[in-house]
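Worksheet: the structure to be examined is printed underneath.
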Number of protein chains: 2
Amino acid sequence: MKSARNTTAKTEIQELIASSSVALSHSEIQKSLEGLCDRVTIYRVLERLLEEGFIHKIVNVDGVVKYAGCHSCSAKHSHNHIHFSCQKCKSVTCLDDVEPSFKLPKNYKVSEMNFTLSGLCPQCS
Amino acid sequence: MKSARNTTAKTEIQELIASSSVALSHSEIQKSLEGLCDRVTIYRVLERLLEEGFIHKIVNVDGVVKYAGCHSCSAKHSHNHIHFSCQKCKSVTCLDDVEPSFKLPKNYKVSEMNFTLSGLCPQCS
DNA sequence: TATTTAATGCAACAATGTTGCAAAAGTAAT
DNA sequence: ATTACTTTTGCAACATTGTTGCATTAAATA
Ligand SMILES: [Mn+2]
Ligand SMILES: [Mn+2]
Ligand SMILES: [Zn+2]
Ligand SMILES: [Zn+2]
């Protein structure tokens, strides 16, 4: 039985993501932390926060990986919402209320979805 | 006025992607070509094929970039179809006929979409 | 305070993608 | 076929992102 520990790195990163209105990348987090901890530690903390269900991971259309806080998921992650990626300000936002619908051919079994729209966000349009 | 040239590398890569039922990654293409050309050349050929509208790029949920032939787009790319990523056989397939619908908040201007579902493909389920 | 072990820092590595530049190859005119 | 022009290629060098092993540090609990 492994028990998680509250470290400054974990606390800082968790609060950073929780208080951000947009999803953050590893490098953005690193800049914000200003040398508080090592690069590798950030990766490992993010991994832990993912496992613990505090954050979720978003692979943007340009390949950039971002992290955002979880709102409506408790035990299991359930992210069937759309993400919006602004081509101008590069922000990635969770549109928690927007759930897409579609009709899939038979014999496909879905367990996860990743929907991202690109364009201009309200601030940039 | 720059005029494109038909090279063996370009022809081979184009045919490889066109004849594949699933999307291919750079490394998969490189393996198939068996040293026909340099790593960098493959990147540059893919870039050209994208610009010329022969293929489209897919960033999978696991971050792996794949390329697939374009079917219904002529001048401009228009990819509003869903991609399916099999967690078992790792194949990425274009579901050209499946178009999702959703209701976006005001003031968001969409110019591109990237929808990927993960789970088990018909062969693996 | 002492013990336990999770978490960190550091170095080293791997994968993926980019850039500059000289050499090679495709295209069209001669 | 040869020439001239320009695209394309190969190679080396580099950047970014992410991973792993291992010794050290530091939480949590007794
Ligand atoms: Mn989200
Ligand atoms: Mn497709
Ligand atoms: Zn914006
Ligand atoms: Zn499969």
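Letters go in sequence order (proteins before strands), and every chain restarts at 1. Any value given below was found using the heavy atoms of this structure, including those in side chains, with hydrogens, waters and symmetry copies removed.
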- Task: Give the rounded distance in Å between these two atoms: CG of A:N60 and P of D:dT17.
- Result: 13 Å
- Separation of C:dG17 atom C1' from B:L50 atom CG, nearest Å, is 14 Å
- Message: Checking contacts here: which listed nucleotide (D:dC11, C:dT8, D:dT9) is nearest the side-chain heavy atoms of B:A9?
- Response: D:dT9
- All pairs passing side-chain hydrogen bond (donor to acceptor under 3.5 Å, both in side chains) where residues 101-112 of chain B contributes a residue, at least two apart: A:Q87-B:S111, A:S101-B:S101
- Message: I need the NZ-P distance between B:K10 and D:dT9, as an integer number of Å.
- Response: 9 Å
- Query: Once you round it to whole Å, what is the distance between P of C:dG17 and NZ of B:K66?
  - Reply: 12 Å
- Rounded to whole angstrom units, what separation is found between the CD1 atom of A:I42 and the C1' atom of C:dG9? 12 Å
- Indicate, with yes or no, if B:L50 and B:I58 share a hydrophobic cluster defined by side-chain heavy-atom contacts under 4.5 Å among Ile, Leu, Val, Met, Phe, Trp and Tyr. no
- Note on the structure: Applying salt bridge (Lys or Arg N to Asp or Glu O under 4.0 Å) to A:K57 and not counting sequence neighbours gives none
- Note on the structure: Each nucleotide of nucleotides 18-30 of chain D classed B (base within 4.0 Å of a protein heavy atom), S (only sugar-phosphate) or -, in 5' to 3' order, makes BBBB----BBS--
- Item | side-chain contact (heavy atoms from CB on, under 4.5 Å) partners of B:V59, counting only residues at least two apart | A:V59, B:V65
- Query: Tell me: CG of A:L46 to C1' of C:dA7, nearest whole Å?
  - Reply: 14 Å
- Atom CD of A:E52 and atom P of C:dA6: how far apart are they, to the nearest Å? 13 Å
- Task: Round to a whole Å and report the spacing from CG of A:D38 to P of C:dC10.
- Result: 6 Å
- Message: So, using side-chain contact (heavy atoms from CB on, under 4.5 Å) as the criterion, who are the partners of A:V98 when residues are at least two apart?
- Response: A:I82, A:L95, B:F102, B:L104, B:P105
Sequence neighbours left out, cut at 3.5 Å: what donor-acceptor pairs do the side chains of residues 16-25 of chain B make with other protein atoms?
from	atom 1	to	atom 2	distance (Å)
B:S19	OG	B:E15	O	2.9
B:S19	OG	B:L16	O	3.3
B:S20	OG	B:V22	N	3.2
B:S20	OG	B:V22	O	2.6
B:S25	OG	B:S27	OG	3.3
B:S25	OG	B:E28	N	3.2
B:S25	OG	B:E28	OE1	3.3

